[in-house]
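Remember, it's 1-based here, ligands and their atoms both numbered in the order they're listed. Keep in mind the model is a prediction, meaning the values are calculated, not measured.
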Amino acid sequence: MQSLPALLDARLRAVTGVDPEMRPATKPQFGHFQSNVALRLAKQEGRPPREVAADIIERLDVDDLCETPDIAGPGFINFRMRSDVLAGAVTSLLEDPDGGVNVTRHPQRVVIDYSAPNVAKQMHVGHLRTTIIGDCFNRVLSAIGNTVIPQNHIGDWGTQFGMLIEEVLDESLDVTRLTLDDADALYKRAAARFRDDEEFATRARARVATFQGGDEQSLEIWHQLVDISKPAFNHAYERLNVLLTDDDLAGESTYNDDLPVLVKELEDSGVAVVDQGALCIFVEGFEAPLIVRKSDGGFGYATTDLAAIRRRVRDLHADRIIYVTDARQAGHFAQVFAAARMAGFLPDDVVAQHVGYGMVLGPDGRPFKTRDGKAATLDSLLDAAEEEAAPNIALAAIKYADLSNGLQKDYTFDVERMVQTTGNTGPYLQYAHARVSQILRKAEAEGIHYGAVTVLDEPVEQQLALTLSGFGDVVDDVAQHLQPHKLCGYLYELAGTLASFYEVCPVLKSEGEVRSSRLALCAATKEVLAEGLGLLGIDAPERM
Ligand code: ARG
């Protein structure tokens with residue numbers, strides 16, 4: 001369904017030939033929307049703005065949508081939607097099998113690269129953010145009818161395995177008996193020796209080559225490290241209630257066989273050239289070249305990302321590829337995208353976007369740490385929130401806090417604030433949903449029937465209807481611009497309007513058609529709250 005403001009916008013645009021810049025009215029007495037288009041045109045044409053406004057209204061045919069538009073002040077045009085139109089919009093929302101989202105007429109294949117933790121290491125707070133944000137994109141883009149292909153690009157191949165394998169051998173460890181915590185500790189021991197012990201570092205570097213060259217003993221240890229890590233990742237995904245499964249795993253190691261082919265293509269096309277022994281792509285605008293193959297023959301993070309793009313386009317047939325990582329990787333992706341375009345791996349009609357997010361800060365404004373001063377793991381954050389609230393509420397608190405700020409901004413992990421059921425929090429929206437559910441439950445228990453929205457006399461009822469009718473547009477906006485905070489802001493506004501509605505409009509205590517119409521309005525609000533929370537990956541409880 002096209003939203004009411006969009007319909008109105010299109011009509012006004014057709015008459016004036018310019019963007020009407022339709023805005024919500026600032027006060028109920030001004031109607032629902034306002035446009036300053038007459039003021040702008042008047043300036044160009046050198047005519048009195050109110051006269052231009054009158055001309056526009058004269059030529060505008062919107063009787064089927066609104067009351068006769070008013071001219072206000074110096075020449076603003078005010079629009080008030082017709083009550084029956086608003087009522088009809090809400091009723092059709094109630095009947096919409098798609099829950100009010102606009103199913104796209106141009107479905108795409110969208111690869112979303114998110115989560116991507118590293119083998120033998122705990123997931124940290126950064127992985128919490130990419131997992132939550134990527135999951136939201138997955139839900140939103142799927143809901144509007146795209147085919148989403150999640151790709152969990154886990155770090156399961158890099159040079160760190162050289163030192164890990166050497167350390168395992170030195171300590172004669174049975175890796176199969178390790179937990180991810182143990183592996184994390186092993187990683188730290190190995191990293192410390194790599195830093196301080198020259199002899200160990202040399203062996204570790206040599207081990208990278210033996211391992212990547214297919215040495216059996218090395219591969220077995222590597223396999224064991226991967227095998228103990230995956231269940232721990234899945235455990236985190238379950239705890240976070242996100243959509244990722246083993247089917248979405250496409251770790252760095254899965255590109256290994258593609259690398260020699262890719263190198264040959266790059267050399268043949270002349271896109272990559274040898275410089276001081278390394279095979280490089282010089283990308284305009286970047287000081288350092290992208291190193292495809294190091295002088296010692298090894299491949300790095302960027303090469304794997306080139307291979308990943310190549311496969312996502314050729315085999316997965318992506319129309320759009322979205323990467324969700326820490327904002328500090330923005331430069332890496334900009335260079336990889338540019339290099340992939342030069343190489344022909346990423347054709348012009350395939351969109352590649354990097355969505356970077358900021359840091360999670362503690363109450364002291366520094367990167368969040370656990371109580372004992374360690375860098376926080378994903379589990380420790382969830383534990384902290386669950387100390388304050390039941391798991392589904394704690395999770396709502398975390399996800400909403402993560403998504404409701406602009407993604408690029410750092411956000412402060414203030415558990416006590418996040419779990420409040422008042423203010424702009426996830427639990428507040430869950431509570432709004434539970435409360436409206438309770439009203440509908442009561443109506444059902446009392447045998448009160450409702451179907452369509454038929455009466456919208458109170459301004460706040462109209463406002464609620466108007467807000468509801470804008471849901472599809474907000475979801476489209478998030479799908480396009482990847483800014484979940486807009487959906488959060490929308491739901492917060494919706495919950496606020498619902499609260500104002502309760503204040504003025506008794507529901508169960510009203511009677512007859514007014515009552516059934518208000519119940520239908522409540523049902524539509526419940527539906528949009530549930531759908532909207534669902535798109536954020538947040539559970540909408542019936543009771544709280
Ligand atoms: N494993 C990386 C990290 O933990 C993130 C990988 C992101 N995806 C990619 N295609 N590079 O920072």
Original post:
Is Asp296 salt-bridged to Arg205, going by a charged N under 4.0 Å from an acidic O?
Top reply: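 Between Arg205 and Asp296 there is no salt bridge, as every charged N stays at least 4.0 Å from the carboxylate O atoms.
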
[X]-[Y] aromatic ring centre distance below 6.0 Å:
X	Y	value
Tyr255	Phe299	no
Trp157	Phe211	yes
His124	Phe368	no

Original post:
For ligand 1, what are the residues with a heavy-atom contact below 4.0 Å?
Top reply: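 Contacts of ligand 1 under 4.0 Å: Asp113, Ala116, Asn118, His127, His153, Tyr301, Asp305, Tyr323, Thr325, Gln329, Phe333.
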
Original post:
With sequence neighbours excluded, what pairs up with Glu167 under the side-chain hydrogen bond (donor to acceptor under 3.5 Å, both in side chains) test?
Top reply: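 Glu167: side-chain hydrogen bond (donor to acceptor under 3.5 Å, both in side chains) contacts with Arg193.
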
Original post:
Going by heavy atoms in the side chains, are Met342 and Ile281 under 4.5 Å from each other?
Top reply: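 The answer is yes; the side chains approach within 4.5 Å.
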
